[in-house]
Amino acid sequence: MTVELSLLLSGISVAFAIFFGISSKNRNDRKDTEQETEDRAATHTLLMTKLENIADDVKDIKRDYRETRTEVQDLRDRVIAVEQSLKSYHKRLDGAKTDQ
């Protein structure tokens with residue numbers, strides 16, 4: 001009877017060890033999954049923030065480019081006006097030389 005009792009206790013001990021081992025493994029797997037999910041969420045948030053910053057920088061560059069293009073067009077118009085004025089001045093100057 002003591003042998004049967006010790007076998008019974010050993011069997012119960014092994015059963016509990018297996019049960020707690022499996023439950024511990026499941027709990028660890030669940031925690032690992034939760035941690036991976038949190039890490040992925042943090043990574044995605046960081047990436048989204050960086051992409052938004054890049055998009056803002058691109059918008060700033062586009063705005064600066066438009067402003068620069070407008071300034072170049074204004075300067076081009078001014079150069080054309082100066083060239084026309086210079087042609088007119090040369091014609092008057094040439095006319096003044098022939099009159100003398």
Side-chain angles (χ1 to χ4, degrees):
M1 189 153 11
T2 54
V3 174
E4 293 174 2
L5 184 60
S6 64
L7 285 175
L8 179 66
L9 287 177
S10 296
I12 291 173
S13 300
V14 169
F16 276 115
I18 291 172
F19 172 75
F20 287 123
I22 291 172
S23 66
S24 176
K25 183 184 179 311
N26 288 339
R27 184 180 60 235
N28 287 339
D29 289 345
R30 226 181 0 254
K31 284 185 179 181
D32 289 344
T33 304
E34 289 174 2
Q35 184 64 34
E36 287 176 5
T37 304
E38 289 176 7
D39 291 345
R40 285 182 185 167
T43 302
H44 287 276
T45 303
L46 180 65
L47 288 174
M48 290 301 295
T49 303
K50 287 183 178 184
L51 286 174
E52 288 172 358
N53 289 339
I54 290 170
D56 291 342
D57 291 343
V58 168
K59 287 178 185 176
D60 290 341
I61 291 170
K62 283 182 178 180
R63 187 181 63 244
D64 290 345
Y65 174 72
R66 283 189 210 112
E67 290 173 0
T68 303
R69 192 171 58 192
T70 303
E71 290 173 2
V72 167
Q73 183 62 39
D74 292 343
L75 288 173
R76 185 178 300 146
D77 294 342
R78 289 179 64 191
V79 166
I80 291 171
V82 168
E83 287 175 347
Q84 295 298 326
S85 176
L86 188 59
K87 283 181 186 179
S88 173
Y89 175 73
H90 280 294
K91 286 181 183 178
R92 284 183 296 190
L93 188 62
D94 288 341
K97 285 184 182 179
T98 58
D99 288 342
Q100 292 178 352

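Excluded from the calculations below are hydrogen atoms, water molecules and symmetry mates; all remaining heavy atoms, backbone and side chain alike, are included.
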(message) Assigning hydrophobic clusters by single linkage (Ile, Leu, Val, Met, Phe, Trp, Tyr; side-chain heavy-atom cutoff under 4.5 Å), is Ile22 placed with Val14?
(response) yes
(request) To the nearest 0.5 angstrom, please state how far the CD atom of Glu38 sits from the NZ atom of Lys31. (result) 12.0 Å
(request) Salt-bridge test for Asp29 and Lys25: reply yes if a basic N is under 4.0 Å from a carboxylate O, no otherwise. (result) yes
(request) Nearest 0.5 Å please: distance from the OG1 atom of Thr68 over to the CZ atom of Arg63. (result) 11.0 Å
(request) Ignoring hydrogens and angles, tell me if any N or O in the side chain of Ser10 forms a donor-acceptor pair with the backbone of Ser6 under 3.5 Å. (result) yes
(message) I want to check something: taking the side chain as every heavy atom from C-beta on, are Lys62 and Lys59 in contact at a cut-off of under 4.5 Å?
(response) no
(message) Given 3.5 Å as the limit, does a donor-acceptor pair link the side chain of Ser24 with the main chain of Gly21, or not?
(response) no
(request) Could you tell me the separation between the OG1 atom of Thr70 and the CG atom of Leu75, rounded to the nearest 0.5 Å? (result) 11.0 Å
(message) Using 0.5 Å steps for rounding, measure from the CG atom of Leu7 to the CD1 atom of Ile12.
(response) 11.0 Å
(request) Any chance you could measure Leu46, atom CG, to Leu51, atom CG, to the nearest 0.5 Å? (result) 9.5 Å
(message) Measuring from atom NE2 of His44 to atom OG1 of Thr37, what distance do you get when rounded to the nearest 0.5 angstrom?
(response) 10.0 Å
(request) For the pair Ser85 (side chain) and Ala81 (backbone), establish whether a donor and an acceptor sit closer than 3.5 Å, ignoring hydrogens and angles. (result) no
